[in-house]
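For reference, the structure discussed in these notes is given below.
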Amino acid sequence: MALLSVRDVTRRFGGIVAIDDVSLDVQPGQIVGLIGPNGAGKTTLFNVITRLYRPDSGRLDFEGKSLLRTPPHRIVRRGIARTFQNVELFRTMTVLDNVLVGAHSRTRPFRGGAARGHVQEVLDYVGIAGVAHRPVAGLPFGTLKRVELARALVAEPKLLLLDEPAGGLNHEEVSELGAFIRKLREDFDLTVLLVEHHMGLVMGIAERIHVLDFGRKIAEGSPDEVQRNPAVIEAYLGADASAA
Ligand code: ATP
């Protein structure tokens with residue numbers, strides 16, 4: 001059974017159709033890429049999966065049960081955590097307190113010291129233990145992304161949604177990130193759904209890739225299949241490139 005099953009989901013904003021009849025499955029333990037040009041609907045789909053947006057139509061099942069009956073604040077308890085494209089943190093709070101927010105979203109609330117101890121371990125794991133007591137405001141973007149990742153991990157999700165984790169990283173950092181995401185999957189027993197524009201990263205770590213363009217799913221397959229698909233080449237490079 002798929003861990004996450006998205007069926008015929010459509011979401012409009014006024015007259016704009018952001019995603020149109022999109023279906024995809026995410027199997028347990030996989031790293032799955034969700035790619036597509038700007039405005040293709042990738043973030044909208046993340047927002048639908050995490051219930052920030054209600055779909056206009058379609059079905060959404062997690063572990064065989066509908067997500068649509070789960071209120072947005074219970075999504076983390078169902079086992080889904082995420083990071084955001086532009087980083088969404090409480091800027092005046094410390095790194096530690098931001099990550100504690102993730103711990104408090106768990107089914108079984110941590111109490112006092114236990115929560116802090118667990119958060120410290122995760123901060124150490126993602127390499128930011130040294131800034132635990134610094135306010136988030138003013139920290140570099142790459143560090144903020146790690147804070148978000150730590151916040152997601154302490155919630156002990158089954159499914160981790162990463163929205164453009166490579167944004168703002170240099171070449172070397174991106175290649176380290178690929179290995180790190182694989183390690184995360186092993187160490188935290190995760191399934192990962194990854195939105196990313198950095199093709200080298202997605203093609204290097206995803207086992208399956210879904211491609212959106214103008215809100216519709218235009219392709220699905222292994223990285224090799226997707227890279228050879230004329231509809232994908234056309235979406236990224238224009239019709240001339242796919243004919244060449
Ligand atoms: P990018 O790679 O640039 O982040 P994306 O694939 O994540 O793009 P979305 O942000 O999901 O694309 O946007 C898909 C479409 O829906 C775009 O046309 C966008 O303008 C529109 N859209 C998304 N969110 C809203 C909103 N809250 N209100 C109005 N239109 C929206």
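Each ligand, and each atom within it, is numbered from 1 in the order the structure gives.
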Considering only the protein, which heavy-atom contact is closest to [atom], and what is its distance?
atom                    : value
atom 16 (O) of ligand 1 : A18 CB, 3.1 Å
atom 3 (O) of ligand 1  : N38 OD1, 3.2 Å
atom 10 (O) of ligand 1 : T43 CB, 4.0 Å
atom 31 (C) of ligand 1 : F13 CD1, 3.4 Å

(Q) Between R228 and E225 (salt bridge meaning N to carboxylate O under 4.0 Å), is one present in this structure? (A)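 Not counted as a salt bridge, because no side-chain N and carboxylate O are separated by less than 4.0 Å.
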Q: Answer yes when E88 and R82 have at least one side-chain N-carboxylate O distance shorter than 4.0 Å, and no when they do not.
A: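 Not counted as a salt bridge, because no side-chain N and carboxylate O are separated by less than 4.0 Å.
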Near [X], which atoms of ligand 1 are under 4.0 Å from a heavy atom of that residue?
X   : result
T44 : 9 (P), 11 (O), 13 (O), 14 (C), 23 (C)
A40 : 5 (P), 6 (O), 12 (O)
Y53 : 27 (N)

Q) Does an N or O from G39, backbone or side chain, lie closer than 3.5 Å to an N or O of ligand 1? A)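 There is such a contact, yes.
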(Q) Is there a polar contact between ligand 1 and G41, counting only N or O atoms under 3.5 Å apart? (A) yes
If you look only at distance, which donor and acceptor atoms sit under 3.5 Å apart when one is on a side chain in residues 160-167 and the other is two or more places apart or in another chain?
unit_1	atom_1	unit_2	atom_2	d
D163	OD2	T43	OG1	3.2
E164	OE2	Q85	NE2	3.4
E164	OE2	H197	NE2	3.3

Q. Can you find a protein heavy atom closer to atom 27 (N) of ligand 1 than 4.0 Å?
A.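 Yes.
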Q: Could you tell me whether atom 19 (C) of ligand 1 has a protein heavy atom closer than 4.0 Å?
A: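 There is no protein heavy atom less than 4.0 Å from atom 19 (C) of ligand 1.
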Q: Please step through side chain to side chain donor-acceptor pair (under 3.5 Å) for the pair R78 and T70, ending with a clear verdict.
A: CA-CA 8 Å; R78 288 280 307 263; T70 303; 2.7 Å; yes
Q | Shortest non-hydrogen contact from A206 toward P223 | A |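 The pair with the smallest heavy-atom distance is O-CG, 3.2 Å.
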**Q.** Ring center gap for F84 and F46 short of 6.0 angstrom
**A.**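 No, too far apart.
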Q: Name all residues meeting the salt bridge (charged side-chain N to carboxylate O under 4.0 Å, His left out) criterion together with E148; count only those two or more places apart in sequence or in a different chain, and write none if there are none.
A: R151
(Q) If you apply the rule side chain to side chain donor-acceptor pair (under 3.5 Å), what do you find for D213 with Y236, and how did you get there? (A) CA-CA 9 Å; D213 189 28; Y236 274 95; over 6 Å; no
